[in-house]
**Q** 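Below: one structure in structure tokens.
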Amino acid sequence: MEIWKKSIFRVPLVLGALGILTRFLHFAGGVIWGAIQRLQGPGPDGTFVITTGYVTEIVSVITFLLFWWAGWRFVRGLTRREIFWSASIMVLVHAALLAAEQINQHVFGGSYSLTVYHLYALAEGSSWAGQLFFRLFLAAGLTSSLWVVPGIFAPYLYLIFGKKSAPQ
């Protein structure tokens, strides 16, 4: 675990692990919610209606809490400079994934790359921020994909946990 001791990789490792956990929570929440809806039986017209319900919101709240807990637990001992450079790696990864997604959809006629989808699991540790901005902009009547951009910079919130400078 030598890589863990390098401060430059701390935020990407923390958010990557949190992103994989978030992906699992979304999957498990969807399966459980679908099972609950099936157990409720068909509607009055005899058909089953399976929706996502509040799974996304519940997982976003859990991810928000885990994001701050992970920052407090694993990022707290670093200086602000180390956190900035470490978080910048994650911001660049998230921006590259967003660019790859957009390029893939425009070049290949709206299809979605499963490779990009699987790689997005590494960036889902800060997905709560995108969900928050989506809800705020949707309530304001804005239906643009610009709500994704502020969520990319969520790793910089870990600067709150940083020490002002390295001990002399």
Side-chain angles (χ1 to χ4, degrees), residues 10-45 47-75 86-106 108-161:
R10 187 77 54 93
V11 172
L13 288 173
V14 166
L15 288 180
L18 184 58
I20 292 169
L21 178 63
T22 301
R23 179 72 59 94
F24 173 76
L25 288 174
H26 269 288
F27 178 74
V31 169
I32 292 168
W33 188 254
I36 289 170
Q37 290 179 345
R38 278 195 321 270
L39 290 174
Q40 290 176 345
D45 59 350
T47 61
F48 285 91
V49 177
I50 306 291
T51 64
T52 58
Y54 295 107
V55 171
T56 302
E57 288 81 4
I58 292 168
V59 171
S60 292
V61 169
I62 292 170
T63 304
F64 171 78
L65 296 172
L66 288 173
F67 178 87
W68 290 108
W69 173 81
W72 179 259
R73 175 73 175 92
F74 300 112
V75 181
S86 185
S88 295
I89 292 172
M90 211 52 212
V91 169
L92 290 174
V93 166
H94 201 154
L97 287 170
L98 180 62
E101 173 190 31
Q102 295 302 311
I103 290 169
N104 193 32
Q105 286 184 354
H106 290 301
F108 297 111
S111 66
Y112 196 84
S113 169
L114 285 178
T115 305
V116 173
Y117 169 75
H118 291 305
L119 288 174
Y120 252 121
L122 299 174
E124 283 188 14
S126 57
S127 64
W128 61 269
Q131 188 61 230
L132 175 68
F133 284 109
F134 172 70
R135 295 294 173 191
L136 289 174
F137 288 142
L138 189 64
L142 300 172
T143 56
S144 173
S145 61
L146 292 177
W147 53 267
V148 174
V149 175
I152 291 174
F153 298 101
Y156 289 130
L157 292 172
Y158 280 150
L159 288 170
I160 294 170
F161 297 120

**Q** Applying ring-ring contact (aromatic ring centres under 6.0 Å, His included), name anything that partners F153, two or more places apart in sequence or on another chain.
**A**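 Partners of F153 under the ring-ring contact (aromatic ring centres under 6.0 Å, His included) test: none.
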
**Q** Applying salt bridge (Lys or Arg N to Asp or Glu O under 4.0 Å) as the test, list every pair that has at least one member in residues 47-66; sequence neighbours left out.
**A**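 Qualifying pairs, neighbours excluded: E57-R135.
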
**Q** Could you work out, with side-chain contact (heavy atoms from CB on, under 4.5 Å) as the rule, every residue matching L92, not counting sequence neighbours?
**A**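 None.
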
**Q** Does some side-chain heavy atom of F74 sit less than 4.5 Å from a side-chain heavy atom of F161?
**A**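 Not touching, per the 4.5 Å side-chain cut-off.
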
**Q** Please set out all donor-acceptor pairs under 3.5 angstrom arising from side-chain atoms of residues 12-27, sequence neighbours excluded.
**A**
{"from": "T22", "atom 1": "OG1", "to": "L18", "atom 2": "O", "distance (Å)": "2.8"}
{"from": "T22", "atom 1": "OG1", "to": "T63", "atom 2": "OG1", "distance (Å)": "3.4"}
{"from": "R23", "atom 1": "NE", "to": "E124", "atom 2": "OE1", "distance (Å)": "3.4"}
{"from": "R23", "atom 1": "NE", "to": "E124", "atom 2": "OE2", "distance (Å)": "2.9"}
{"from": "R23", "atom 1": "NH1", "to": "Y117", "atom 2": "O", "distance (Å)": "3.4"}
{"from": "R23", "atom 1": "NH2", "to": "Y117", "atom 2": "O", "distance (Å)": "2.8"}
{"from": "R23", "atom 1": "NH2", "to": "E124", "atom 2": "OE2", "distance (Å)": "2.8"}

**Q** Which residues pass the ring-ring contact (aromatic ring centres under 6.0 Å, His included) test with F67, not counting sequence neighbours?
**A**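 F67 satisfies ring-ring contact (aromatic ring centres under 6.0 Å, His included) with W128, Y158 once adjacent residues are dropped.
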
**Q** Compare every heavy atom of V116 with every heavy atom of A100, then report the nearest pair and how far apart it is.
**A**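 Distance-wise, the nearest heavy atoms are CB-CG2, 4.1 Å.
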
**Q** How would you list all residue pairs meeting salt bridge (Lys or Arg N to Asp or Glu O under 4.0 Å) that involve residues 58-73, not counting sequence neighbours?
**A**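 Pairs touching residues 58-73 that pass the test: none.
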
**Q** Verify, without hydrogens or angle tests, whether S126 (side chain) and P155 (backbone) share a donor-acceptor contact under 3.5 angstrom.
**A**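 No; judged by distance alone, with no hydrogens or angles, the pair does not exist.
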
**Q** Which residues satisfy the side chain to side chain donor-acceptor pair (under 3.5 Å) test with S88, sequence neighbours excluded?
**A**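 Checked S88 against side chain to side chain donor-acceptor pair (under 3.5 Å); matches are Y156.
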
**Q** Does any pair with a residue in residues 27-39 pass side chain to side chain donor-acceptor pair (under 3.5 Å), and if so which ones, sequence neighbours excluded?
**A**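 Residue pairs passing side chain to side chain donor-acceptor pair (under 3.5 Å), neighbours aside: Q37-T51.
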
**Q** What is the distance from atom OG of S127 to atom CG of L132, rounded to the nearest 0.5 Å?
**A**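 If I round to the nearest 0.5 Å, the distance is 11.5 Å.
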
**Q** Between V61 and Y54, does the side-chain contact (heavy atoms from CB on, under 4.5 Å) criterion hold? Intermediate values first, please.
**A** CA-CA 11 Å; V61 169; Y54 295 107; over 6 Å; no

**Q** Could you work out, with side chain to side chain donor-acceptor pair (under 3.5 Å) as the rule, every residue matching T47, not counting sequence neighbours?
**A**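 By the side chain to side chain donor-acceptor pair (under 3.5 Å) rule, T47 matches D45.
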
**Q** Counting C-beta onward and ignoring hydrogens, is there a side-chain heavy-atom pair between E101 and N104 closer than 4.5 Å?
**A**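 Contact flag for E101/N104 side chains = no.
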
**Q** Could you pull out all residues at least two apart from F133 that satisfy ring-ring contact (aromatic ring centres under 6.0 Å, His included)?
**A**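 None.
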
**Q** Write down the atom of L157, the atom of W68, and the distance for their closest heavy-atom approach.
**A**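 Heavy-atom minimum between the residues: CB-CH2, 3.7 Å.
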
**Q** Which atom names give the shortest non-hydrogen contact between A123 and M90, and what distance separates them?
**A**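 Closest heavy-atom pair between A123 and M90: CA-CE, 3.9 Å.
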
